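Accompanying notes for the structure given below.
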Protein chains: 2
Amino acid sequence: MANIRDVAKAAGVSVATVSRYLNNKGYISEEAKRVIAKAVEELNYQPSMIARSLSTKQSTFIGLIVPDIVNPFFPELARAIEDVALAYGYTLILCNSDEDLEKEINYVKTLQQKYVAGFIVASNHVEAEHYMGLDIPIVAIDRRIHSSIPYIATDNREGARIGTEHLLDSGCRNILCMRGPSGLGPADDRFAGFMDAVKGKNIETHIIECPFHFDIAETMVKKILQEVSIDGIFASSDVTAAGAMKAAYSAGIHVPNQLQIVGYDGTMLASQLTPGLTTVAQDLYRMGAMAARMLIELIKGQELTEREVLIPAELLIRQTTRSEA
Amino acid sequence: MANIRDVAKAAGVSVATVSRYLNNKGYISEEAKRVIAKAVEELNYQPSMIARSLSTKQSTFIGLIVPDIVNPFFPELARAIEDVALAYGYTLILCNSDEDLEKEINYVKTLQQKYVAGFIVASNHVEAEHYMGLDIPIVAIDRRIHSSIPYIATDNREGARIGTEHLLDSGCRNILCMRGPSGLGPADDRFAGFMDAVKGKNIETHIIECPFHFDIAETMVKKILQEVSIDGIFASSDVTAAGAMKAAYSAGIHVPNQLQIVGYDGTMLASQLTPGLTTVAQDLYRMGAMAARMLIELIKGQELTEREVLIPAELLIRQTTRSEA
DNA sequence: GTTCTATGTGGTACCGGTTACACATAATGA
DNA sequence: TCATTATGTGTAACCGGTACCACATAGAAC
């Protein structure tokens with residue numbers, strides 16, 4: 001592979017001039033441009049980003065830390081981030097943290113060594129000291145990690161309220177709320193939204209805490225269905241809603257005739273279930289794209305206009321609920 | 001951030017000695033090790049991978065090119081690759097090609113500039129010239145891109161045969177085969193496997209070509225169900241099987257009592273549907289992990305023992321089929 | 001005719017590692 | 001005892017860019 005000195009020699013100019021040409025910086029004559037362009041073409045020259053990074057101490061890598069890309073919530077996010085990153089000339093590095101603090105710290109360390117330009121963190125645990133004092137831009141997604149770190153999320157409380165209202169509007173009076181792990185920001189917010197909706201409305205509620213896990217959700221709901229009688233479920237994720245649907249099916253309970261279900265997330269899964277799952281959709285793509293844009297602004301040293309962004313959720317009514325006239 | 005010269009100075013040795021220490025190369029006295037370790041510790045020194053890459057012309061980045069990470073097939077693959085990469089000290093770069101040739105070429109070019117150590121390509125189109133003569137190791141996954149490039153895939157033909165046999169064993173005599181896009185290696189193989197299974201068995205077959213897309217699958221199957229009478233469907237992906245399930249539901253056809261369905265892939269989706277989708281599972285994790293291992297061997301300059309690996313598929317029997325005694 | 005500014009170019013130190021080579025010294029073997 | 005080998009360390013060139021600084025020229029301003 002040709003390097004910048006080869007190009008300079010072929011074009012009969014200095015490396016400084018070539019560098020200026022490549023970066024559109026400083027003064028260059030038209031003649032020089034022409035002759036350099038020709039040399040670049042002929043030698044099929046591609047500048048080494050590594051050398052550039054070493055020199056400028058900047059890179060065009062963005063690190064994305066997610067708990068597990070297999071969780072259907074994250075691919076869409078990753079996709080959006082990658083799209084934006086690509087448009088701005090950045091490359092996305094994917095890291096699965098498994099919610100493991102040590103793994104996460106390690107990633108941060110490794111990527112720092114590789115001069116990443118910034119991080120987007122969609123991680124879910126409490127300790128966040130290792131993100132402080134990093135002098136690398138960070139944007140948090142879905143969950144606030146520290147007041148000093150900009151973050152972007154869905155308006156979970158309002159989303160959950162809307163979803164629950166919809167159950168109420170559809171006639172449910174006896175509702176199971178499958179809340180997510182307490183202590184987890186988004187899960188807490190959704191639970192709060194659920195409570196907002198049912199408060200003072202003479203609704204009988206049952207509340208269980210259930211991790212975002214299909215099998216566990218199925219098992220828990222199976223048990224609940226034997227114990228109490230309910231006509232609606234507000235699940236705080238599509239995956240747990242899917243588990244609930246399966247439990248209902250096993251118990252011979254018809255959805256939505258005997259039991260209505262609302263999920264949360266708006267992932268592909270929700271649309272591909274049968275019957276189609278009514279769900280509170282997060283605009284994951286928008287969230288990811290916005291996070292990426294914010295990060296890139298930070299990388300470029302710009303000030304953010306907003307350091308905290310809440311994206312409204314949208315109710316997608318499908319076949320697990322029946323709106324009443 | 002401290003650099004290697006700072007460490008050398010602090011330890012009272014030369015940079016060469018520090019470098020040797022860091023890379024476990026050449027002779028170093030115990031005393032030198034001790035004093036360098038101390039300096040590294042004190043300065044919280046982390047070697048710059050960028051500088052190292054520039055010098056050695058090697059990097060610890062692996063590029064993964066997939067059509068779209070949102071397709072549930074790929075996250076598991078990506079996850080496996082990332083796990084193995086991490087274990088060997090590599091970092092994964094995620095690229096979504098959208099099956100777009102130009103985008104793909106661009107990624108290859110960009111990543112080359114960034115000195116990626118190798119590529120894993122799970123891409124789906126025919127032109128592959130741009131991968132040739134790259135002098136960077138490449139491993140193809142799911143689809144053979146060129147005879148010179150090692151590849152790893154599921155034994156799709158045999159998998160499809162097993163899946164179809166299962167429909168036969170379960171009593172189906174009138175089967176719809178939703179084959180994938182013709183010209184696409186895996187889709188062709190699965191179709192061949194289907195044909196292997198039904199050949200000479202006096203089975204009535206209907207064949208439609210259907211992209212791996214939920215909505216399209218649903219629409220196509222809805223139409224088919226009005227036109228012909230079938231008692232089994234072999235879908236060549238879980239997503240299209242899910243579409244078929246929805247179509248059956250809309251048509252009031254009970255699965256599995258009136259219509260049995262077998263999917264393909266073994267993604268999460270299959271297990272989270274209601275009823276649970278019987279499917280031919282690819283061992284995606286194993287596939288990804290093996291691809292990563294192969295790539296790393298290539299990167300290290302080792303010869304591969306096998307340049308083409310077929311991983312057996314496994315039938316997961318769930319509730320969309322009923323095995324008969 | 002000076003001074004100033006805009007334009008254009010080149011030389012070279014630097015980013016932070018690796019490594020070939022030179023040069024010690026100690027241990028081993030004949 | 002001397003040659004040979006194993007062990008240990010340092011100097012400096014190199015990887016391929018960037019960018020500071022010096023310098024040259026031409027036209028404008030005074």
Side-chain angles (χ1 to χ4, degrees), chain A residues 1-37 39-40 43-61 89 109-117 135-136, chain B residues 1-37 39-40 43-61 89 109-117 135-136:
Chain A
M1 275 270 272
N3 64 32
I4 197 171
R5 283 163 238 267
D6 298 331
V7 174
K9 193 173 295 175
V13 297
S14 72
V15 292
T17 305
V18 178
S19 178
R20 267 180 238 118
Y21 167 81
L22 294 172
N23 298 295
N24 273 320
K25 236 181 214 172
Y27 300 110
I28 307 165
S29 65
E30 290 306 315
E31 170 61 13
K33 280 185 190 167
R34 210 182 46 70
V35 54
I36 293 172
V40 165
L43 296 172
N44 188 27
Y45 169 70
Q46 290 176 12
S48 156
M49 300 310 276
I50 295 289
R52 183 173 288 172
S53 281
L54 180 60
S55 184
T56 61
K57 287 168 177 288
Q58 290 180 5
S59 86
T60 49
F61 288 111
K109 203 167 127 188
T110 307
L111 295 193
Q112 245 189 315
Q113 287 182 47
K114 297 189 178 182
Y115 286 6
V116 276
D135 81 347
I136 294 183
Chain B
M1 272 271 272
N3 64 33
I4 197 171
R5 281 163 240 264
D6 297 332
V7 174
K9 193 173 295 175
V13 298
S14 72
V15 292
T17 306
V18 177
S19 179
R20 267 180 236 118
Y21 166 80
L22 294 171
N23 298 295
N24 274 320
K25 235 182 214 171
Y27 299 111
I28 308 166
S29 64
E30 290 306 315
E31 170 61 11
K33 279 185 191 168
R34 209 180 48 69
V35 57
I36 294 172
V40 165
L43 296 171
N44 188 25
Y45 169 70
Q46 290 175 13
S48 155
M49 300 310 275
I50 297 288
R52 183 174 289 173
S53 281
L54 180 60
S55 183
T56 61
K57 287 163 177 289
Q58 290 181 3
S59 86
T60 49
F61 287 111
K109 204 168 125 186
T110 307
L111 295 194
Q112 244 189 315
Q113 286 182 49
K114 298 189 179 184
Y115 288 6
V116 276
D135 80 348
I136 293 182

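Since this is a predicted model, take the numbers as computed values, not measurements. Protein chains get the first letters and strands the later ones, always in sequence-line order, with residue 1 at the start of each.
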- Message: Measuring to OP1 and OP2 of dG17(D), would you say a side-chain N or O of Asn3(A) lies under 4.0 angstrom away?
- Response: no
- Figure out the CD/C1' separation between Gln58(B) and dG16(D), and round it to whole Å. 17 Å
- Note on the structure: Lys33(A) NZ to dG8(C) P, in whole Å, measures 8 Å
- Nearest nucleotide by nearest heavy atom, which residue falls closer to the 5' end of DNA chain C, Asn23(B) or Ser14(A)? Ser14(A)
- Item | Arg20(A) vs Ala2(A), nearer the 5' end of DNA chain D by closest nucleotide | Ala2(A)
- Note on the structure: Residues Ala8(B) and Val18(B): closest non-hydrogen pair is CA-CG2, 3.7 Å
- Query: Between Val15(B) and Val7(B), is any pair of side-chain heavy atoms under 4.5 Å apart?
  - Reply: no
- Query: Is any side-chain N or O of Lys25(B) closer than 4.0 Å to OP1 or OP2 of dT18(C)?
  - Reply: no
- So which nucleotide from dG10(C), dG17(D), dT9(D) ends up closest to the side chain of Arg52(A)? dG17(D)
- Does the side chain of Ser48(B) get closer than 4.0 angstrom to OP1 or OP2 of dG17(C) through an N or O atom? no
- Which pair of heavy atoms, one from Val35(A) and one from Ala11(A), lies closest together, and at what distance? CG2-O, 3.2 Å
- Task: Classify the side chain of Ser55(B) and the base of dG17(C) as holding, or not holding, a donor-acceptor pair under 3.5 Å.
- Result: yes
- Item | Any Tyr27(A) side-chain nitrogen or oxygen under 4.0 Å from OP1 or OP2 of dT7(C) | yes
- Query: Between atom CG in Asn24(A) and atom P in dA19(D), what is the gap in whole Å?
  - Reply: 13 Å
- Take the protein atom CD of Glu31(A) and the nucleotide atom P of dT7(C), then report the distance between them rounded to whole Å. 19 Å
- Query: Has the side chain of Arg5(A) got a donor or acceptor that lies under 3.5 Å from a partner of the other kind on the base of dG17(D)?
  - Reply: yes
- Query: OH of Tyr21(B) versus P of dG17(C): gap in Å, rounded?
  - Reply: 14 Å
- Closest to the Pro47(A) side chain, choosing from dC15(C), dG17(D), dT7(D): dG17(D)
- Query: Rounded to whole angstroms, how far apart are CD1 on Ile28(B) and P on dA6(D)?
  - Reply: 18 Å
- From dG16(D), dT18(C), dT9(D), nucleotide with atom closest to Tyr115(B) side chain: dG16(D)
- Task: Measure from CG on Asp6(A) to C1' on dG16(D) and round the result to the nearest Å.
- Result: 10 Å
- Minimum side-chain heavy-atom gap Arg52(B)-Pro47(B) below 4.5 Å: yes
- Message: Looking at dG10(D), I'd like to know if its phosphate oxygens (OP1 or OP2) sit under 4.0 Å from a side-chain N or O belonging to Thr17(B).
- Response: yes
- With the side chain of Ala16(B) defined as its heavy atoms from C-beta on, choose the nearest nucleotide among dT9(D), dA20(C), dG16(D). dA20(C)
- Between Val15(A) and Val15(B), who's closer to the 5' end of DNA chain D by nearest nucleotide? Val15(B)
- Message: Side chains of Ser19(B) and Tyr21(B), heavy atoms from C-beta outward: is any pair under 4.5 Å?
- Response: no
- Calculate the interatomic distance between Leu54(B) atom CG and dA13(D) atom P; express it in whole Å. 17 Å
- Message: For dT18(C) and Ser19(B) - does any side-chain N or O of the residue sit under 4.0 Å from the phosphate oxygens OP1/OP2?
- Response: yes
- Against the side chain of Lys57(B), the closest entry in dA6(D), dT19(C), dC15(D) is dC15(D)
- Within the structure, does a side-chain N or O atom of Ser29(A) lie under 4.0 Å from either OP1 or OP2 of dT7(C)? no
- Message: Measuring only between side-chain heavy atoms, which start at C-beta, is Tyr27(A) closer than 4.5 Å to Arg20(A)?
- Response: no
